[in-house]
Amino acid sequence: MLALAGYPLGLQFRFYDSSEGPASHLAHTQVGAFDDLEALERFAEGLDLVTYEFENVPVEAARFLAELLPVYPPPRALEVSQDRLSEKQFVQQLGIPTAPFYPVQSHADLLEGLGQLGYPAVLKTRRLGYDGKGQSVVHNPEQAHETWAELDEQPLILEGFINFERELSLLAVRNPDGQTAFYPLVQNTHRQGILYQSLAPAPNIADLQPLAEEYAKRMLLELNYVGVLAIEFFGDDLRVNEIAPRVHNSGHWSIEGAFCSQFTNHLRAMLNWPLGLSAPKGFSVMRNLIGHLPDPAQLSPDFYLHLYGKGPRPGRKLGHITATADSPSGLEALLSGLDETADPK
Ligand code: AMP
């Protein structure tokens with residue numbers, strides 16, 4: 001999607017991946033391991049800059065490339081966000097609220113943490129967790145014991161369970177000159193831990209948007225950030241759950257729903273061009289196509305279909321649909337239409 005946004009701007013792309021991915025339909029993909037420094041060096045030859053859109057790229061690979069050419073977002077952002085503990089500490093140090101947490105390295109830590117945070121609590125792996133993987137809600141001591149047996153041998157983090165009424169996310173963007181732009185807060189719903197739908201703007205955010213932007217500004221400045229940063233919040237008291245140093249699924253609505261999409265703005269930021277207008281054009285929905293696809297011929301032309309060229313598999317994000325209305329009631333109509341055609345039960 002970055003390349004699709006970049007070609008009209010006259011940019012050219014080359015991809016590096018551990019296997020031939022969907023982007024190889026668009027431009028050459030060099031297949032290689034992320035720890036193969038020679039291959040990474042060959043990849044970097046002739047490039048002006050590098051970005052990544054997968055947060056499990058090893059930070060060593062990003063740092064190695066950063067010695068050869070600009071890598072955006074800065075590798076430190078990748079490092080901070082790859083470990084749920086350093087991420088929470090980073091956020092808290094900036095005076096921004098998170099769920100209460102307790103680092104867990106041993107069974108004794110787990111009991112101590114549960115004593116402090118109480119039940120229910122959420123036990124998560126510190127690294128490589130996404131889409132709800134590598135985590136469990138713990139309701140009682142027996143469950144804590146079982147979860148520990150499943151997840152041990154890895155550094156873990158215990159979090160207090162937050163009873164939030166909704167999940168929100170903010171996409172922020174900054175260029176090297178320090179110009180910033182912020183998309184409206186988006187309301188996200190998940191199915192089986194996977195993002196299912198984003199509404200943009202989220203309803204009733206007038207009082208929340210300035211504080212969310214203030215939090216984002218603190219992070220952007222502290223990281224000397226360049227590119228798009230996604231921040232996920234629990235509830236209207238805006239407790240940060242996660243940050244993602246990349247273009248984000250909850251910003252896909254912006255391709256048709258904002259004056260300048262997150263992808264175009266990520267590229268403009270890296271090139272130190274003036275940022276595009278992040279304002280919404282109306283009321284948008286983005287729905288992920290998870291595991292199965294609708295028949296494109298049957299889909300109303302009101303819906304913009306984005307297929308990723310991936311083989312179907314349960315739980316896999318295969319594409320998404322966006323639609324934009326000029327009023328909240330228009331959005332309601334689009335949502336019912338989506339229920340009928342894009343997501344048949
Ligand atoms: P994560 O992988 O941290 O984004 O967590 C996946 C999902 O689990 C979140 O989107 C929440 O719905 C839920 N979750 C994670 N942590 C907590 C928490 N501390 N309290 C309540 N729900 C949580």
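Counting starts at 1 for both ligands and their atoms, in listed order. This chain uses plain numbering: 1 for the first residue, then up along the sequence.
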J.: Could you tell me which atoms of ligand 1, counted from 1 in the order shown, lie closer than 4.0 angstrom to a heavy atom of Asn241?
T.: 1 (P), 3 (O), 4 (O)

J.: Mind checking whether Tyr16 and Phe34 have ring centres under 6.0 Å apart?
T.: yes

J.: Could you tell me if Tyr183 and Asn265 have a donor-acceptor pair between their side chains, going purely by distance under 3.5 Å?
T.: yes

J.: Check whether Tyr225 forms a cation-pi arrangement with Arg174 (NZ or CZ under 6.0 Å from the six-membered ring centre, at most 45° off the ring normal).
T.: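 Not satisfied by the 6.0 Å and 45° rule.
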
J.: Would you say ligand 1 has an N or O under 3.5 Å from any N or O of Phe164?
T.: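 No, since none of the N or O atoms of Phe164 sits under 3.5 Å from an N or O of ligand 1.
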
J.: Quick check: does Glu232 get an N/O under 3.5 Å from an N/O on ligand 1?
T.: no

J.: By number and element, which atoms of ligand 1 are closer than 4.0 Å to a non-hydrogen atom of Arg84?
T.: 1 (P), 2 (O), 3 (O)

J.: Where the side chain of Asn288 meets the backbone of Leu195, is there a donor-acceptor pair that is under 3.5 Å apart?
T.: yes

J.: Taking only heavy atoms of Gln135, which atoms of ligand 1 are found under 4.0 Å from at least one of them?
T.: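 Those qualifying, in numeric order: 1 (P), 2 (O), 3 (O), 5 (O), 6 (C), 8 (O), 15 (C).
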
J.: What class does the angle between the rings of Trp148 and His107 fall in, given that below 30° is parallel, 30 to 60° is tilted and above 60° is perpendicular?
T.: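 Tilted: the ring planes of Trp148 and His107 meet at 30° to 60°.
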
J.: For Gly160, is at least one N or O under 3.5 Å away from an N or O on ligand 1?
T.: yes

